[in-house]
Peer 1: 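Just passing along the structure, written as structure tokens.
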Amino acid sequence: MGLGLFIIMIAVGAILTFASDWELAAVDLDLVGLILMGVGLLGTAVYTSVLRRRRMVVPPVAPTVTDDRCDLL
């Protein structure tokens, strides 16, 4: 599941809640839309916090300098 899925859930939930006038006998579409928007927002928050942890910048290791000179007599 990626960030796009959570954004789609928010959009579908908003459409079901605010833009549809469908009536189903056994399902309250306004409540389903609110649940989808809530899950989408929660998923987005969790996904971005996990992604922030993955992108922690580790400072580069300093290069090791070796002395390759050959002392000739």
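All figures in this text were calculated on a predicted structure; none of them were measured in a lab.
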Peer 1: Is there a path from Val27 to Val12 through hydrophobic residues (I, L, V, M, F, W, Y) whose side chains come within less than 4.5 Å of each other?
Peer 2: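 Yes: a chain of side-chain contacts under 4.5 Å links Val27 to Val12.
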Peer 1: Among Leu36, Ile15, Thr44, Leu5, whose side chain to side chain contact (heavy atoms under 4.5 Å, CB included) with Ile10 holds?
Peer 2: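 The residue from Leu36, Ile15, Thr44, Leu5 that satisfies side chain to side chain contact (heavy atoms under 4.5 Å, CB included) with Ile10 turns out to be Thr44.
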Peer 1: Determine whether Met9 and Leu29 fall in the same hydrophobic cluster, where Ile, Leu, Val, Met, Phe, Trp and Tyr are linked whenever their side-chain heavy atoms lie under 4.5 Å apart.
Peer 2: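 Per the 4.5 Å side-chain linkage, Met9 and Leu29 are co-clustered.
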Peer 1: Check for a donor-acceptor pair, side chain of Thr17 on one end and backbone N or O of Ala14 on the other, with a separation under 3.5 Å.
Peer 2: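 Not a single qualifying donor-acceptor pair exists.
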Peer 1: If hydrophobic clusters are built from ILVMFWY residues whose side chains come within less than 4.5 Å, do Leu34 and Ile8 share one?
Peer 2: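 No, it is not one cluster - the side chains of Leu34 and Ile8 are not joined through contacts under 4.5 Å.
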Peer 1: Check Asp30, Asp28, Val32 against Leu16 for a side chain to side chain contact (heavy atoms under 4.5 Å, CB included) and give me the one that passes.
Peer 2: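 Exactly one candidate clears the test, Val32.
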Peer 1: Check for me, please, whether Val39 and Leu31 land in the same ILVMFWY cluster - side-chain distances under 4.5 Å, paths through other members count.
Peer 2: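 Both belong to a single hydrophobic cluster.
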Peer 1: Say whether Trp22 and Ile35 are linked into one hydrophobic cluster, either directly or through other cluster members, by side-chain heavy-atom distances under 4.5 angstrom.
Peer 2: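 Result: yes, single cluster for both.
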